[in-house]
Amino acid sequence: MGFKVAVVGATGNVGREMLNILAERAFPADEVVALASRRSLGTEVSFGDATLKSKDLETYDFSDTDLCLMSAGSAVAKEWAPRIGAKGCVVIDNSSCWRYDANVPLVVPEVNADAVAGFTSKMIIANPNCSTAQLVVALKPLHDRFVIKRVVVATYQSVSGAGKEAMDELFSQTRAVFVTDPIEPKRFPKRIAFNLIPQIDVFMEDGYTKEEWKMMVETKKILDPKIKLTATCVRVPVFVAHSEAVNIEFEKPVSAEEARDLLRSAPGCLVVDKHEAGGYVTPYEAAGEDATYISRIREDITVENGLSMWIVSDNLRKGAALNAIQIAESLVNRKLLQAKKRAA
Ligand SMILES: NC(=O)c1ccc[n+]([C@@H]2O[C@H](COP(=O)([O-])OP(=O)(O)OC[C@H]3O[C@@H](n4cnc5c(N)ncnc54)[C@H](OP(=O)(O)O)[C@@H]3O)[C@@H](O)[C@H]2O)c1
């Protein structure tokens, strides 16, 4: 018997991608239910060759649902994840609401798949922030071999990371520039078309933004609390896929060639690193793909045991939907997800 799976936020960027990936990877589901707010009642979303009509989260009964993939923001996750968990349904949540709870595992399967077993205390597993997921996939094999001391990251994050309204804002502002209409930022603090914005999420007291803080805290929780990380997160006028310029300091000596070889065989990683014009991956090429692409791997001669590299991945897939479904697959593979008995 297969599982009954609910996707909460099914009309959103991440939710739609979750439905695509569940179908693509033939997740063992007997039934998939699309849920969103009442506003979207009856909205059609694609699931493989089928079309699902979105139902209202408020009135849905989770009693016979086994797994809930949730991507509807923190407020919805805060209220609903415990209620859904209390019905015996395992929740994999994409928001930041549960990520820092000591009783909720934060999982990137290429890095810490075994941590999924810790879901039993709250019936919730958290998915990391999009920029963290692709970073730790690339850092993990390097950390295992050369031991990372410090990471300095600058991100170049696409607008889809801020939801479907943010994508519309980039589109409409770009159009407005060409037809000389006035531009009024709504979802972003400044104009995003033909510009970039060095602020993602709110400011913290120490001058970092919450997005930068998330990357630091999540890397420690998923990979190793001893790793020091500092980030500058920047929103750029790209629709899909986040890029990161990453500088890493290791305890042990490392060459660019050794790192390249190691990353070539590492799970989830794809090295594209030719020293010629265009011999690297850009966000446009990573959009719609599953891999974390690593390019521009080179030794940093200004520090001992240092490397610099360029990491690109589709934020809606590895950064969100794909990672969530890989977590679900980790549960299934470890026989930690049980299908409930349902009326025939
Ligand atoms: N985009 C990324 O790269 C990324 C990466 C990692 C994590 N995340 C997280 O994933 C979540 C969703 O992101 P997104 O980009 O998919 O946003 P989005 O495109 O704005 O979609 C939001 C979804 O949530 C639903 N929703 C909102 N309020 C609801 C409510 N009260 N009850 C039920 N459903 C509700 C919306 O339904 P309606 O259409 O009915 O409003 C929609 O389906 C966020 O927590 C985000 O932080 C996103």
Side-chain angles (χ1 to χ4, degrees), residues 6-21 33-46 52-60 62 68-81 83-84 91-99 106-108 124-136 155-171 186-188 200-202 210-211 214-215 218 222 233 235-236 238-244 283 286-288 312-327:
V7 175
V8 174
T11 54
N13 273 341
V14 175
R16 283 176 193 268
E17 207 60 57
M18 282 173 164
L19 290 167
N20 289 338
I21 297 172
V33 184
L35 301 172
S37 75
R38 194 165 301 158
R39 294 180 292 274
S40 303
L41 192 66
T43 299
E44 293 190 342
V45 287
S46 300
L52 306 177
K53 283 202 162 98
S54 183
K55 296 182 180 173
D56 180 7
L57 168 67
E58 292 274 351
T59 55
Y60 182 74
F62 282 86
C68 173
L69 302 172
M70 186 174 260
S71 65
S74 285
V76 175
K78 189 170 182 200
E79 182 188 347
W80 281 90
R83 287 167 70 175
I84 298 168
V91 179
I92 300 175
D93 179 46
N94 260 286
S95 79
S96 57
C97 178
W98 299 99
R99 289 179 195 155
L106 178 64
V107 179
V108 173
I124 304 170
I125 301 176
N127 210 49
N129 201 34
C130 34
S131 45
T132 310
Q134 67 186 69
L135 178 71
V136 295
T155 70
Y156 305 73
Q157 297 182 221
S158 67
V159 293
S160 58
K164 55 186 188 306
E165 284 171 16
M167 295 178 82
D168 293 343
E169 185 157 331
L170 173 58
F171 182 85
K186 290 188 193 111
R187 184 67 186 67
F188 294 113
I200 302 181
D201 212 332
V202 295
K210 186 93 183 278
E211 187 82 351
K214 286 179 208 163
M215 208 174 202
E218 293 177 20
I222 299 165
C233 293
R235 188 73 72 192
V236 295
V238 165
F239 280 107
V240 177
H242 291 351
S243 308
E244 297 172 347
V312 187
S313 195
D314 184 327
N315 54 296
L316 300 177
R317 291 180 76 92
K318 186 58 202 167
L322 172 65
N323 196 70
I325 289 155
Q326 288 174 312
I327 292 173

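Atoms within a ligand are numbered from 1 in the order they appear, just like the ligands themselves. Just so it is clear, the structure is predicted and the values come from calculations on it, not from any experiment.
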Counting heavy atoms only, which part of [X] comes closer than 4.0 Å to ligand 1: side chain, backbone, both or neither?
X	value
Ala10	backbone
Lys164	both
Ala75	neither
Asn315	both
Thr11	both

Atoms of ligand 1, numbered as shown, that sit under 4.0 Å from any heavy atom of [X]:
X	result
Leu316	1 (N), 2 (C), 3 (O)
Gly161	1 (N), 2 (C), 3 (O)
Gly319	5 (C), 6 (C)
Ser40	38 (P), 39 (O), 40 (O)
Cys130	3 (O), 5 (C), 6 (C)
Ser71	10 (O), 11 (C), 12 (C), 23 (C), 24 (O)

For atom 45 (O) of ligand 1, which candidate among Ala162, Gly73, Cys97, Ala320 holds the nearest heavy atom? Gly73

Distance-only N or O hit between ligand 1 and [X], under 3.5 Å:
X	result
Gly9	yes
Gly12	yes
Ser74	no

Does the side chain of [X] pick up a donor-acceptor pair with the side chain of [Y] at under 3.5 Å?
X	Y	answer
Thr132	Glu218	yes
Asn129	Glu211	yes
Asn315	Ser158	yes
Asn13	Lys164	no

Are the charged groups of Arg99 and Asp93 less than 4.0 angstrom apart, N to O? no

Less than 4.0 Å is my threshold; does some heavy atom of Asn129 fall inside it relative to ligand 1?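 Outside the 4.0 Å threshold, so no.
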
Quick check: closest heavy atoms across Tyr60 and Ala6, and the distance to 0.1 Å?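 Shortest heavy-atom contact: CE2-CB, 4.4 Å.
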
How about Glu165: does its CD atom have over 12 heavy atoms from other parts shown lying under 6.0 Å from it?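 Open.
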
Residue pair Val33 / Val7, side-chain heavy-atom distance below 4.5 Å: no

